[in-house]
Visitor: 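Have a look at this one before I ask anything.
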2 protein chains.
Amino acid sequence: MATSTSAGGQTGAPRGRTGRPPVTSREQILVAALRLIETRGWQRLTIRALAAELGIGTTTLYHHVRDREDLLVQLIGEVVAQMDRPELPADPRERVAVAMMTVHDTLAAIPWAAEVLTVDGFMGRLGDTSVWIVEVVLAAVVETGSTPERAVEVFRHLWYYTAGEILVRARSAVGTLDRDRLLPEGQTLFGAREAAALPTLAAIGDQWPQIAARDTYAEGLRALVAGLLGPAAGAGG
Amino acid sequence: MATSTSAGGQTGAPRGRTGRPPVTSREQILVAALRLIETRGWQRLTIRALAAELGIGTTTLYHHVRDREDLLVQLIGEVVAQMDRPELPADPRERVAVAMMTVHDTLAAIPWAAEVLTVDGFMGRLGDTSVWIVEVVLAAVVETGSTPERAVEVFRHLWYYTAGEILVRARSAVGTLDRDRLLPEGQTLFGAREAAALPTLAAIGDQWPQIAARDTYAEGLRALVAGLLGPAAGAGG
DNA sequence: ACCTGAACACCGTTCAAGT
DNA sequence: ACCTGAACACCGTTCAAGT
């Protein structure tokens, strides 16, 4: 764990500090939050419910986390810290892909990540492992002949694509049942009139959901890497 | 306007319908919502505030929109419908880029779009203009030699990138002030110890925010298009 | 057919005191 | 130093009646 409000042991021997002793710690809060998510689902993780789980006053939490968003970011940082660091390929373009795929897979497995995925400087706030991944990506991009400045831009492109994929997929997984209400039974997406103006959509017909359900993240990511850094052979810039 | 619950005029001559007359309509609701956003800001657009603005009971709104999310999607549909349809280049790859840039620019200008950008089938639910844009993209991809099926995959890649860019940028615009609280004055991003392990990040130093603030959407989009469909010359597949 | 108040079941966060 | 109940200022949505 990276930071510590009161390094060392639990609430025990007072080390020259004065005042009322703490009833909880950052560690206890994060553990309780993960337990709450596991037992009741992430939608139920509220500041109030978390305080109840810890058996402390609701407002006490605000001494340990800045706000709800801060709590979620710290929580994801905790999960990411336990992530295995991937084996990195020698080829820099492939190394970029593997690093981003690791981030993607880790975050996509956390459904509550979607809530805070877009906060400013998200990756930088998660802790050592994710900062390490950013460094890996930047270094690999520089290895292909780019400046560090350009590497930051490349990383952001990759992050936009990755965050977008996770966010869009996180929603479509749930919304499957709702579509029935929008399109009444038996009704196709387009009538005959529209089919003339929208031939390609008409050709796809009701196949869209099946095609959209495919996991094509890795393929798209590699296409983006190739587009940004050139194909695996020459050194781009 | 695409749909109409009671085609024709306002609440006037009853056309053989029985029961209590409506106090509002889809049109009135959308107009009032846009007015509310303009005067009080989009954060203040709540079901309750909107009903108050219209001078009707809160629960009456649920006869005209399914829920808050549905209201926002319809609202964005309204804005997108007023969008100018862009002039389309002859080159299919450039046509794809222009079409997506049009969507991007329109949605990026609507800060409240971020709330519902990731709902399932978002583009398809917005109405004629956005469906037309999807058709343009699909047709252009097919023109490069892809199957319609593959075109759907390509569109989704482009949509992930576009949605991610809009969502991440929507947040970072607001969060600038908050960073000061995370990094106390004068403190750099990394100490000397970390600089050795993270040389590329160290080289960038405090330049990150400036670089990240650049608008590089178009460049990244073109890179993705090139990576997916090949460079402007040959026909990919 | 359509409208509605009241109620349900909650939120995050701040304040001003405690201990 | 740290903790806390009460309060502030709200939410979206459903129910069971109205008219």
Side-chain angles (χ1 to χ4, degrees), chain A residues 4-8 10-29 32-33 36 40-75 112 115-116 119 178 181, chain B residues 4-8 10-29 32-33 36 40-75 112 115-116 119 178 181:
Chain A
S4 58
T5 320
S6 55
Q10 296 287 88
T11 331
R15 292 133 283 136
R17 304 278 225 88
T18 81
R20 196 168 171 172
V23 291
T24 191
S25 65
R26 202 186 82 100
E27 273 80 4
Q28 277 177 31
I29 289 169
L36 200 57
R40 306 216 200 301
W42 69 266
Q43 294 92 338
R44 296 275 221 273
L45 178 66
T46 63
I47 295 285
R48 286 168 128 102
L50 180 55
E53 175 84 7
L54 284 158
I56 63 172
T58 306
T59 48
T60 306
L61 278 172
Y62 285 89
H63 288 274
H64 298 90
V65 296
R66 198 171 57 205
D67 51 25
R68 193 180 126 83
E69 184 180 288
D70 185 48
L71 169 71
L72 288 174
V73 172
Q74 285 198 47
L75 222 45
W112 37 281
E115 264 194 88
V116 286
V119 302
D178 287 333
R181 274 183 252 165
Chain B
S4 57
T5 321
S6 55
Q10 296 286 88
T11 332
R15 293 132 284 140
R17 304 278 225 93
T18 81
R20 193 167 173 173
V23 292
T24 191
S25 65
R26 202 187 82 99
E27 273 79 7
Q28 278 178 31
I29 289 170
L36 200 58
R40 306 218 200 300
W42 69 268
Q43 294 93 339
R44 295 275 221 274
L45 177 66
T46 64
I47 295 286
R48 287 168 127 103
L50 180 55
E53 175 84 6
L54 283 158
I56 64 173
T58 306
T59 49
T60 307
L61 278 172
Y62 286 89
H63 289 275
H64 298 90
V65 296
R66 199 169 58 205
D67 51 24
R68 193 180 124 83
E69 182 179 289
D70 185 48
L71 170 70
L72 288 173
V73 172
Q74 286 197 47
L75 223 45
W112 35 280
E115 262 194 90
V116 287
V119 302
D178 287 335
R181 273 183 252 164

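Residue numbers start from 1 in every chain, and the chains themselves are labelled A, B, ... in the order their sequence lines are given, proteins ahead of strands. Remember, it's a predicted structure, so these values are computed and weren't measured experimentally.
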Visitor: If I pick the P atom on C:dG5 and the same atom on C:dA1, what distance separates them, to the nearest angstrom?
Guide: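 Comparing P positions in C:dA1 and C:dG5 gives a spacing of 23 Å.
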Visitor: Please report the distance, rounded to the nearest Å, between CG in B:Asp70 and P in D:dT13.
Guide: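 The distance from CG of B:Asp70 to P of D:dT13 comes to 10 Å, rounded to the nearest Å.
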Visitor: Tell me the interatomic distance from B:His64, atom NE2, to C:dC2, atom C1', rounded to whole angstroms.
Guide: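 Atom-to-atom, B:His64 to C:dC2, this comes out as 8 Å.
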Visitor: Provide, to the nearest angstrom, the distance between the CG atom belonging to A:Leu54 and the P atom belonging to D:dT4.
Guide: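 Between P of D:dT4 and CG of A:Leu54: 10 Å.
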Visitor: How many whole angstroms separate atom CZ of B:Arg20 from atom P of D:dT19?
Guide: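 Taking atom P of D:dT19 as the reference, CZ of B:Arg20 is at 8 Å.
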Visitor: Looking only at heavy atoms, what is the nearest atom pair of B:Tyr62 and B:Ile47, with distance?
Guide: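 It is CE1-CG2, 3.8 Å.
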Visitor: Once you apply the 3.5 Å cut-off to both distances, tell me the Watson-Crick or G-U wobble partner of D:dT19, or none.
Guide: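 By the stated definition (distances under 3.5 Å), C:dA1 pairs with D:dT19.
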Visitor: Taking D:dC8 as the reference, what is the distance to C:dA9 when you measure between their P atoms (whole Å, please)?
Guide: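 Roughly 23 Å separates the two P atoms.
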Visitor: Sticking with atom C1', work out how far C:dC2 lies from D:dC15, rounded to a whole angstrom.
Guide: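 Comparing C1' positions in C:dC2 and D:dC15 gives a spacing of 16 Å.
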Visitor: Quick one, B:Gln74 and B:Arg26 - any side-chain contact, counting heavy atoms below 4.5 Å?
Guide: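 Sidechains of B:Arg26 and B:Gln74: in contact.
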Visitor: Kindly say if A:Thr59 contacts the phosphate of D:dT4, meaning a side-chain N or O under 4.0 Å from OP1 or OP2.
Guide: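 For D:dT4, neither OP1 nor OP2 has a side-chain N or O of A:Thr59 closer than 4.0 Å.
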Visitor: List the atom of A:Thr58, the atom of A:Arg48, and the distance in Å for their closest heavy-atom pair.
Guide: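 Of all heavy-atom pairs spanning A:Thr58 and A:Arg48, the closest is CG2-CG, 3.9 Å.
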Visitor: Write down the distance between CG (A:Leu61) and P (D:dT4), rounded to a whole number of angstrom.
Guide: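 Answer to the nearest Å: 10 Å.
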Visitor: For the side chain of A:Arg48, counting heavy atoms from C-beta on, which of C:dT4, C:dG12, D:dC3 is nearest?
Guide: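 Ranking C:dT4, C:dG12, D:dC3 by closest atom to the A:Arg48 side chain puts C:dG12 first.
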Visitor: Please name the nucleotide paired to C:dT13 by Watson-Crick or G-U wobble geometry with both distances under 3.5 Å, or report none.
Guide: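 Base-paired to D:dA7.
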Visitor: Distance check, C1' atoms only: D:dC10 and D:dA6, in whole angstrom units.
Guide: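 16 Å, rounded to whole Å.
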Visitor: What is the distance, to the nearest angstrom, from the CG atom on A:Leu71 to the P atom on C:dC11?
Guide: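 Atom-to-atom, A:Leu71 to C:dC11, this comes out as 14 Å.
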Visitor: How far apart are the closest heavy atoms of B:Arg44 and B:Ala49, and which atoms are they?
Guide: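 Shortest heavy-atom contact: O-CB, 3.6 Å.
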Visitor: Any base atoms under 4.0 Å from B:Thr46, or only sugar-phosphate, or nothing? Heavy atoms, all strands.
Guide: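 The answer is sugar-phosphate, as B:Thr46 gets under 4.0 Å only of primed atoms, P, OP1 or OP2.
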Visitor: Counting side-chain heavy atoms from C-beta on, which of C:dC11, C:dC3, C:dT13 comes nearest to B:Pro22?
Guide: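 The answer is C:dC3, which lies nearest to the side chain.
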Visitor: Minimum heavy-atom separation for B:Val65 and B:Asp70, please, with both atom names.
Guide: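 It is CA-OD2, 3.6 Å.
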Visitor: Can you check the A:Tyr62 OH to D:dG5 P distance for me, whole Å?
Guide: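 From A:Tyr62 OH to D:dG5 P: 15 Å.
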Visitor: What's the NE2-C1' distance between B:His63 and D:dT13, to the nearest Å?
Guide: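 Atom NE2 in B:His63 sits about 12 Å away from atom C1' in D:dT13.
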